[in-house]
Structure formats: C-alpha cells, structure tokens
Amino acid sequence: MDKTRIHIFDTTLRDGEQVPGCKLNKTQKLLLAEQLELLGVDIIEAGFPISSPGDFEAVKAIAERAGDVTICALSRAVERDIERAAEAVAGARRPRIHTGIGTSDSHIKYKFQSTREKVKERAVAAVKFAKQFVEDVEFYAEDAGRTDNAFLAEICSAVIKAGATVLNIPDTTGYCLPNEYGSKIKYLTEHVEGIDKAILSTHCHNDLGLATANSIEGVINGARQIECTINGLGERAGNTSLEECVMILKQHPYLGFDTGINTKMLNPISRLVSQEMGMPVQPNKAIVGANAFAHSSGIHQDGVIKKRETYEIIDPVDVGIDKSSIVLTARSGRAALAYRLKEIGHNITKMELDEVYKRFLDLADRQKEVVESDLHQLMEQSESLG
Ligand code: KIV
Ligand code: ZN
C-alpha cells in the first residue's frame, strides 16, 4: 500500500526555545538546525525574528545555510513582523512565513477587543502581505482548539483565497480531547472552501497530556503536517513530541502514513537538544527517556531476556539505542542477575547463582540499584568464600 506522506514541521527552535531556561544562541541554533535537517524534518521553524536582533540573526544564518529543508519564521499578523520574518528567511532555498492571529472568542474579546469580522480582515491582510515576499505562507488560527468550527472554516476559506498554502490549527491551550480535535480537522476538510489548495497542520499543546494523541487524531482525520518538537518541549506543559508522533506512525503501519524521519537519530538528537538547552529529559519519557528501554522487574526481565518482543514494542536500535538494559534492583530475579554477570564475563552454575543471588538481594535491599562495580565485588566475595 502506498503510504501518505506526513510533513514533519519541527518547532524546537521556536516553540521549544520559548521555554524558560531553554534559550539558545546563534551557534547552538545553527548546530541544532543542521541536525534537524539530517534527521529529515520537512520544515524547521527557526525562530520569531521580530522578537530580538539575536533571533533575527540566528534565523537568517539558518536560512542561508539550509539545504532543501523549508525554513520558516514566525510572525504575528503585523506588517513589521512579517517584513522582519521575510528578511530573515530570504536566503533560504525554501522560505516560509508563518503568520496568524487568535480566532477564539476569548482571544478576540480580551486580547484584541475586536470582532470576528475584523479579525478575519486582519488575517486576510496578513496573508496577502506575506505573499509579497514568499510563495509559501502558513496561517495559524491561534486557539483554534477553542474556536467555533463554523468561524474557523470561514477564516480558513478566506486565507486560502488570499494565498495561504498551509492552515495551522493550534490547540494552543491543550484543551481539546482527541475525538474533538479530530472532528475539528474533519469538519475543516469538509467545510473550508478551496481546502484542496492547502495542507492542514496540527499544533497541539500538552496541558492535559493529550498533545500527541490529538496530533495523531488530527492526521487520521485529514491533517498532513504535524508541528512538534524534540523531547516535547514548548510553552507550559510543552508541545507535541516529534519522536512520539514519528514512532506511532511507524509502529502502526496499517494507518498508512509515513514520515521521512531517520528514526535512528531520535535518541542522539534528543540528547543533543537536552544538552544544548540545559533541559533534562524525564527518565520515563517515551522513546527517548533513560528508562524507555530499561527493564527492572524480575517478571519483565525474564521475558525480555527470553525474547525482547515480550515487553518491547520498539526495537531500541531503530531509535538509536544499542540495546535494551537490564537494571538490577531488589525487584530483579535470578535470570537478570545471571544475564548481567554473563555480560561481565561470569558464566556461573545454577548452584553458584543461588548463592550469589542471596547476597545480591541483601545488597539490593540496602541500595536503589546494584551496579557493575557491585557485581564485581559480589563475585570477588564468592571466590573468597570458595
Ligand atoms: O500554540 C500556538 O498557538 C502557537 C502559534 C504561534 C502557532 O505556537
Ligand atoms: Zn505553540
């Protein structure tokens, strides 16, 4: 079956970099952009050029050095913002301007003290203005997750007419349930005039832990671009995690979607982003957390040692990890202990294992983890006990 290509729009350098403490300098942004291109993302949102001279310079440098990847810059629906974004991405082979405005009644009333009609006019004017600089203009309807579907379809139809090539439907506040977000995308595929001329994009925040589920539901219902970040970084509780979306689509091939991502780079790039941003990855994070391929309970360890697939749905090698790890704790069994001892060169008999296992448990009950140096000591003791 021919798979439908889903575009991966990486916003680690923009939404991800907005996280307090995650700010990057130009050199760091260039390094990460280079790696993101090697990873195979289709679009890099490199920054928000109007926000600071430093960010303008970083986006400009990324645009000038990029290969075939699309380089995108964010702007509000404000002419000065759009001009600055245009200037920053001008050197890219494939430049894109991302412009937009809040479309929910809450944003219209409290942020803009405006009306739906006036917001629609501003959206259309912004897209038309951006079109003077680049062919590829993405429009974001901020807080689309809480925007009335009929008005959302109306504004999307108007911006397509003005030349928008991509329609970003952000669940800015992370409020939607997966079926709600999926239905919203489906509604747009059915009610937006000229939708065949544009791509629908997901951009989901994780305030209720639903960002990935919502993005996938969006794709199932007609979105063809996912906006996401490495390690799920982004405002507040974060954005959609790139590695999760990519692996969900890969591990569920019957869904019929494909991304161009080199999955073997997922763990190395996760570590690089974490290091450059100074933001640790939670150990239980899917795909890239330190424990994502670590097994510590005796029941699981016994299964994995017999056949990896018993407790793993992803081959760690596919995501850039050499192999799964067997962590020794007081919950580990004999099979795990024997396995780890064998790894360090001790092939012991069943009787020897029974003896060393008793002393292992005694130690494991006193500390959180039994590490390799402890194993050497346990074996030295065994030898001296004769
Ligand atoms: O979450 C959001 O709505 C955004 C837009 C600026 C695209 O990040
Ligand atoms: Zn966002």
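Small disclaimer: the values here were computed from a predicted structure and weren't measured. Atoms within each ligand, like the ligands themselves, are counted from 1 in listed order. Values below: every heavy atom of this structure, side chains too, minus hydrogens, waters and symmetry copies.
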- Task: Taking all heavy atoms of Thr240 and all of Ile226, pick out the closest pair and write down the distance.
- Result: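 The pair with the smallest heavy-atom distance is CG2-CG2, 4.5 Å.
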- Message: Looking at every heavy atom in both Arg76 and Thr99, which two are closest together, and how far apart are they?
- Response: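 Looking at all heavy atoms of both residues, the shortest contact is O-OG1, 3.1 Å.
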- Query: Checking side-chain hydrogen bond (donor to acceptor under 3.5 Å, both in side chains) against His295, which of Gln301, His300, Arg308, Glu312 comes through?
  - Reply: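 Single side-chain hydrogen bond (donor to acceptor under 3.5 Å, both in side chains) partner of His295 among Gln301, His300, Arg308, Glu312: Glu312.
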- Indicate whether any N or O donor in one side chain lies under 3.5 Å from an N or O acceptor in the other, for Arg146 and Thr172.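 There is no such pair (donor and acceptor under 3.5 Å, judged by atom type) between the side chains of Arg146 and Thr172.
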- Any residue meeting ring pair (Phe, Tyr, Trp, His ring centres under 6.0 Å) with Tyr254, in chain and number order, not counting sequence neighbours: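 Residues passing ring pair (Phe, Tyr, Trp, His ring centres under 6.0 Å) with Tyr254: His252.
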- List in chain and number order the residues that pass ring pair (Phe, Tyr, Trp, His ring centres under 6.0 Å) with Tyr339, two or more places apart in sequence or in another chain; answer none if no residue qualifies.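 Not a single residue meets the ring pair (Phe, Tyr, Trp, His ring centres under 6.0 Å) criterion with Tyr339.
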- Test salt bridge (Lys or Arg N to Asp or Glu O under 4.0 Å) applied to Glu117 and Lys120, step by step: CA-CA 5 Å; Glu117 209 41 50; Lys120 190 168 89 182; 3.7 Å; yes
- Residue-atom pairs from the protein, N, O or S only, that lie under 2.8 Å from the Zn ion (ligand 2):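 Asp15 OD2, His203 NE2, His205 NE2, with waters left out.
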- Taking Asp55 as the fixed residue, which of Lys26, Lys60, Lys29, Lys23 is the one that meets the salt bridge (charged side-chain N to carboxylate O under 4.0 Å, His left out) rule?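 Option passing the salt bridge (charged side-chain N to carboxylate O under 4.0 Å, His left out) with Asp55: Lys29.
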- Message: Any side-chain to backbone donor/acceptor pair from Asn221 onto Lys184? Under 3.5 Å, distance only.
- Response: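 Answer holds: no.
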Is there any protein N/O under 3.5 Å from an N/O of ligand 1, and what does the full list of such pairs look like?
unit_1: ligand 1; atom_1: 1 (O); unit_2: His203; atom_2: NE2; d: 3.2
unit_1: ligand 1; atom_1: 1 (O); unit_2: His205; atom_2: NE2; d: 3.0
unit_1: ligand 1; atom_1: 3 (O); unit_2: Thr172; atom_2: OG1; d: 2.7
unit_1: ligand 1; atom_1: 8 (O); unit_2: Arg14; atom_2: NH1; d: 3.4
unit_1: ligand 1; atom_1: 8 (O); unit_2: Arg14; atom_2: NH2; d: 2.9
unit_1: ligand 1; atom_1: 8 (O); unit_2: Asp15; atom_2: OD2; d: 3.2
unit_1: ligand 1; atom_1: 8 (O); unit_2: His203; atom_2: NE2; d: 3.1

